[in-house]
Colleague: 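Questions regarding the structure given below will be posed in turn.
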Amino acid sequence: MNIKRADTPDPSVFVSVLETLGDHLDELSKSERAAWAQAVYYLHLLVFHRRSVGERTDLERIVSEHHEALNLSQQEVTLMQSMAEHYLEQGIEQGARQMSIESTLATLNARFPHADVNTLKPLLESIEDLKRLKHLNLTASIIDTFTAFREHLEAL
């Protein structure tokens, strides 16, 4: 697969490349199939992280049609899909955490322009719980003073 096509904005081009890949799977020797199984796993991650939701269905269809050529069991195909979904969810949660932290800092900067808000960034980044970060974001918008917010954060 031409990796340069991975970022093409035209989904039909990317799907066409995936279908070409699928067509070549049946021609592989047994020794080549293990490498292609790893490539298919990579493609799952690529599609789940960088391509549209619609293309997931295309990739899953192509893998399902050719999983016997790859010597993959249906269980392995399902596992690859589950792992890709897991990594996607982790990425989404990490992004939500970062957005919540940035929003909290922006709110504090707007409300308390003379405070050194950036000193709180390491404390906020050490919090893994997204619900707690969202609550702190709300707290930043209603708390009376920067000092009170810092004390509230340090008490957690």
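The structure displayed is predicted, hence computed values, not measured ones.
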Colleague: Can you see which heavy atom on E125 is nearest to which on R97, and at what distance?
Modeller: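 Heavy atoms of E125 and R97 come nearest at O-NH2, 3.0 Å.
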Colleague: Would you compute the distance between atom CE of M99 and atom CD of Q94 and round it to the nearest 0.5 angstrom?
Modeller: 13.0 Å
Colleague: For K121 versus L105, what's the shortest heavy-atom pair and its separation?
Modeller: CG-CD1, 3.9 Å
Colleague: Looking at R111 and T145, would you say the former's side chain and the latter's main chain have a donor-acceptor pair under 3.5 Å?
Modeller: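 Checking the backbone N and O of T145 against the side chain of R111, no donor-acceptor pair under 3.5 Å is found.
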Colleague: Walk me through it: do T107 and F112 pass the test side chain to side chain contact (heavy atoms under 4.5 Å, CB included)?
Modeller: CA-CA 8 Å; T107 299; F112 311 110; over 6 Å; no
Colleague: Find the distance between CZ (F146) and CD (E151) and round it off to the nearest 0.5 Å.
Modeller: 10.5 Å
Colleague: Does the side chain of L136 reach to within under 4.5 Å of the side chain of I127, using non-hydrogen atoms?
Modeller: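 Of all side-chain heavy-atom pairs linking I127 with L136, at least one is under 4.5 Å.
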Colleague: Just so I know, are the side chains of D144 and F149 near enough to count as touching, which here means a heavy-atom distance under 4.5 Å?
Modeller: no
Colleague: Report the distance from atom CG of D129 to atom NZ of K134, rounding to the nearest 0.5 Å.
Modeller: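 Answer for the CG-NZ pair, D129 versus K134, is 10.0 Å.
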Colleague: First locate atom CG of L138, then atom CG of L133, and finally report the distance between them rounded to the nearest 0.5 Å.
Modeller: 13.0 Å
Colleague: Under a plain distance cut-off of 3.5 Å, with no hydrogens placed, do E102 and Q98 share a side-chain donor-acceptor pair?
Modeller: yes
Colleague: Hey, what do you get for CG (L108) to CG (D116), rounding to the nearest 0.5 Å?
Modeller: 11.5 Å
Colleague: Is there a donor-acceptor pair closer than 3.5 Å between any side-chain N or O of S100 and the backbone N or O of A96?
Modeller: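 Such a contact is absent between S100 side chain and A96 backbone.
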Colleague: Apply the side-chain contact (heavy atoms from CB on, under 4.5 Å) test between L123 and each candidate in I101, L153, L156; give the one that qualifies.
Modeller: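 Between L123 and the candidates, side-chain contact (heavy atoms from CB on, under 4.5 Å) is satisfied uniquely by L153.
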Colleague: To the closest 0.5 Å, what do you measure between CG (L130) and CG (N137)?
Modeller: 10.5 Å
